[in-house]
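Notes follow once the structure below has been shown.
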Amino acid sequence: MYSLRTVMVTIAKGLESRITLADGNSMPMFGLGMFNTSGIEAEKAVEYALSQGYRLIDTAELHGIEEEIGRGIEKSGVNREDIFVVNKLCENGYDRCKQVFMESLRKMKLNYIDLYCIHNPANGNNVETYKAMIELQEHGIIKSLGVSNFGVHHLEAFKSAGLPTPVINQIELHPWQQKTEIVNYCRANGIVLMGYSPLCKGRKFNNKLLIDIAERYRKSVPQILIRWSVQHGFVTIPKSSDQKHIETNVDVFDWSLQEDDIELMKTFPDEYCTWNPCVSPWNG
């Protein structure tokens, strides 16, 4: 049996785990997702998560909670340099990117964003948007450049356009969305995988097979799903505004899923819990 102290030390070490990106920057492997969180709920979630050792906060222009996240960061008292902030541009465009990015900095009361991503390739204007992001990076107000929801054909189009390879591709990843082709491509090209919706938005919590696995490990279904992401080496960002869940979601670092269970979860059918712009046509 692990003592409480041993477990907490292991959790702390897990939260401190980082991965070095292709541009030389590093980011935490575990963080807090903020999709579908609003108002004071978002502010309190960020403040509490940071107090519990979280150091990665993921959001997007689309979420509409940049001001609240900024207040949560400020109230936490954690040094800005110790927090990795991810933000994503909702609608593309060269001029729009620069305008929205500066507005995001103002709303969040930050001097820079650690990782800025194109949110959706289906919106088009990806090449011109990325060029604007490169210029912002040259000014030191973006540390790393990434994309989200990009399929292999989108990433190949980036390469054909002569653009620098993004260091991150954030996509829906969980046992029902394993995206083997995209994952293999990204790994072969030095692109880190960041998985959103690792808990399938709670839609699989009643899955009998998953419940059986959880019972064998004496863990919760959410912990099994998060451990699956951790064990695959994905940067993972389970969303929660509940303090208890924020605490228990990180209890995934002092145990491992056996290979038999990993193989069992490979049999789950493909099923999205969000959207699938990874298969959208390339619109330049």
Side-chain angles (χ1 to χ4, degrees), residues 13-35 49 53-60 81-89 112-121 126 129-130 133-134 136-137 141-159 161 163-175 177-199 225-239 249-250 252-253 256-257 262 274 276-278:
K13 288 181 178 178
L15 284 171
E16 292 167 3
S17 296
R18 301 180 72 89
I19 187 167
T20 300
L21 305 175
D23 59 10
N25 294 323
S26 70
M27 70 179 296
M29 293 290 293
F30 191 99
L32 183 70
M34 298 302 297
F35 175 75
Y54 284 66
R55 290 297 180 264
L56 166 61
I57 305 297
D58 176 87
T59 191
E81 294 74 19
D82 295 329
I83 304 171
F84 195 96
V85 178
V86 181
N87 205 342
K88 297 176 285 293
L89 179 72
Y112 64 91
I113 298 293
D114 296 273
L115 173 65
Y116 199 57
C117 302
I118 293 176
H119 202 164
N120 179 7
N126 295 287
T129 300
Y130 208 69
M133 290 166 58
I134 291 170
L136 292 167
Q137 184 184 40
I141 50 180
I142 297 176
K143 300 299 183 183
S144 295
L145 301 179
V147 294
S148 183
N149 298 298
F150 270 48
V152 171
H153 62 298
H154 299 132
L155 295 166
E156 279 291 297
F158 250 42
K159 185 185 295 186
L163 296 173
T165 302
V167 298
I168 288 278
N169 187 14
Q170 184 183 126
I171 56 179
E172 181 181 342
L173 285 170
H174 49 71
Q177 268 304 295
Q178 305 201 24
K179 289 189 172 72
T180 304
E181 181 187 13
I182 300 176
V183 168
N184 289 342
Y185 178 92
C186 288
R187 285 177 170 163
N189 287 274
I191 303 171
V192 170
L193 278 308
M194 185 174 182
Y196 66 78
S197 297
L199 301 179
L225 289 171
I226 295 170
R227 179 65 208 181
W228 181 89
S229 291
V230 168
Q231 211 155 314
H232 279 78
F234 303 142
V235 176
T236 188
I237 46 170
K239 175 259 177 183
N249 282 349
V250 300
V252 294
F253 298 112
S256 298
L257 292 167
I262 294 289
T274 55
N276 186 22
C278 291

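Just one of Phe158, Phe150, Tyr116 meets the ring-ring contact (aromatic ring centres under 6.0 Å, His included) condition when paired with Tyr130; it is Phe158. Considering Thr59, Asp58, Asn149 in turn, Asp58 is the only one that fulfils the side chain to side chain donor-acceptor pair (under 3.5 Å) rule with Lys88. Residue Val147 is tested with Leu155, Asn120, Ile168 for a side-chain contact (heavy atoms from CB on, under 4.5 Å); the sole match is Leu155.
In terms of the ring-ring contact (aromatic ring centres under 6.0 Å, His included) criterion, Phe84 has no residue partners (sequence neighbours excluded). Scanning for side chain to side chain contact (heavy atoms under 4.5 Å, CB included) contacts around Lys239 gives Thr37, with sequence neighbours left out. Glu156 pairs by the salt bridge (Lys or Arg N to Asp or Glu O under 4.0 Å) definition with Lys159, not counting sequence neighbours. Here Tyr196 pairs with nothing under the ring-ring contact (aromatic ring centres under 6.0 Å, His included) rule; sequence neighbours left out. Checked against side chain to side chain contact (heavy atoms under 4.5 Å, CB included), Ala161 has the following partners two or more places apart in sequence or in another chain: Val127, Leu163. Residues that satisfy the side chain to side chain contact (heavy atoms under 4.5 Å, CB included) test with Tyr112, not counting sequence neighbours, are Arg80, Glu81, Asp114, Lys143.
A donor-acceptor contact shorter than 3.5 Å is absent between the side chain of Gln231 and the backbone of Trp228. Judged purely by atom type and a 3.5 angstrom limit, His232 has no side-chain atom pairing as donor or acceptor with the backbone of Ser229. No donor-acceptor pair closer than 3.5 Å links the side chain of Ser144 to the backbone N or O of Leu115. Using a distance-only test at 3.5 Å, with no hydrogens or angles considered, a donor-acceptor pair links the side chain of Asn189 to the main chain of Tyr185.
Residues Ser197 and Glu172 come closest through the heavy atom pair CB-CG, 4.3 Å. Residues Gln170 and Ser148 approach most closely at O-OG, 2.9 Å, considering heavy atoms.
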- [ ] Please step through side-chain contact (heavy atoms from CB on, under 4.5 Å) for the pair Leu193 and Arg187, ending with a clear verdict.
- [x] CA-CA 8 Å; Leu193 278 308; Arg187 285 177 170 163; 4.2 Å; yes

Task: CA sep, side-chain torsions, deciding dist, call: Phe234, Val183, side-chain contact (heavy atoms from CB on, under 4.5 Å) - done: CA-CA 10 Å; Phe234 303 142; Val183 168; 4.1 Å; yes

